[in-house]
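As structure tokens, the structure follows; a few thoughts come after it.
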Amino acid sequence: MKKIAVLTSGGDAPGMNAAIRAAVRRAVYHGMQIFGVYHGYDGLIQGDIQEMSLGSVGDIIHRGGTILYSARSQEFRTDEGQQKAVEQLRKHGIEGLIVIGGDGSFRGAQKLTQKGFPTIGIPGTIDNDIPCTDFTIGFDTALNTIVEAIDKIRDTATSHERTYIIEVMGRDAGDLALWAGLAAGAESIIIPEEEQDMDDIIERLHAGYRRGKKHSIIIVAEGVGSASVYADKIKERTGWETRVTVLGHIQRGGSPTAFDRMLASRMGAAAVDLLLEGKADRMVGIQNNQIVDIDFDEALSQKHQLDLSIYQLARSLSI
Ligand code: F6P
């Protein structure tokens, strides 16, 4: 394989640039030509493709976002859109494609492979919701952003003796909420993977209050619903002053942590190596700190597993 391409798709994630850099530099290292596809699958359909060089990925390892831009494409969901995408790749003489994104992006990549075009996926999403990999690129940076925000909110929560309900991203997965809740010492963590019991949440708040604690932090994963609904319920049952913070897209930005840069560099290089070995229809992952590759079908047929021992640990420490 002599000519390959790389694109980013779906919600961006800090570290995507480091993965692009790694893919480009690894390809050049192997004497291959590598192209950047701009604006995700939409750009692929339009032929928004440019050759990349060592220089075009200089000074990006520390930058959030993606220099290739990202999009969620409606047209690519159609058979006609996928056909156009393959034609564009062939027109440029490209023989393999690396897709950096989440599970939706991988399903798109799989469609291309089914049409005879080799693809490899790299998990890039802050949600950490991809099966068969311990971590996705961007999760660690988003986690650190959330923890930093909670630490700041805690200062004012303490001064005003208030209960704060903080809503974090994660789509249907509770990873960001759970890890941030443990790392920031939240009183309660509400995630989709665990049934929430309002009586339990209220009792934990009252137990803290009886010990003299007049402020509380509760983390709500967006996958369970709106933080304001929980704030209203808590206010109704305790009579305490509550405030809601929805952290929003601040969680998707910022310079990637060293962990995410490492992960992205390892995964970007591995994806190129896989194409060079003639492998396709696979995603790169990390398991027990080893880079692995898994068949798309195998990965996408599974459900992402949250480590619920962390939930039990957080509960036992926030008493
Ligand atoms: O998948 C990443 C993510 O940030 C989710 O956590 C969130 O639910 C979603 O994307 C938000 O998407 P958009 O940026 O399209 O509003």
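Each ligand, and each atom within it, is numbered from 1 in the order the structure gives. We use all heavy atoms of the structure for the numbers below, so side chains are in, but hydrogens, waters and symmetry mates are not.
- Among protein heavy atoms, atom 15 (O) of ligand 1 sits closest to R72 NH2, 3.2 Å.
- By the criterion of side-chain heavy atoms lying less than 4.5 angstrom apart, applied directly or through intervening Ile, Leu, Val, Met, Phe, Trp or Tyr residues, I34 is grouped together with L275 in one hydrophobic cluster.
- The protein heavy atom nearest to atom 6 (O) of ligand 1 is D127 OD1, 2.7 Å.
- Within a 6.0 Å radius of CZ in F259, more than 12 heavy atoms belonging to other residues, nucleotides or ligands are found.
- Residue-environment remark: CG (L308) exceeds the threshold of 12 foreign heavy atoms within 6.0 Å.
- Residue R252 touches ligand 1 through its side chain alone, judged by heavy-atom distances below 4.0 Å.
- Residue-ligand proximity: G170 is placed with a non-hydrogen atom under 4.0 Å from ligand 1.
- Around CZ of R90, the count of heavy atoms belonging to other residues, nucleotides or ligands within 6.0 Å exceeds 12.
- Close to ligand 1: H249, with a non-hydrogen atom less than 4.0 angstrom away.
- The side-chain hydrogen bond (donor to acceptor under 3.5 Å, both in side chains) test with D79 is passed by exactly one of K115, K111, K84: K115.
- Short contacts between ligand 1 and E222, defined as distances under 4.0 Å to a heavy atom of the residue, involve ligand atoms 5 (C), 6 (O), 7 (C), 8 (O).
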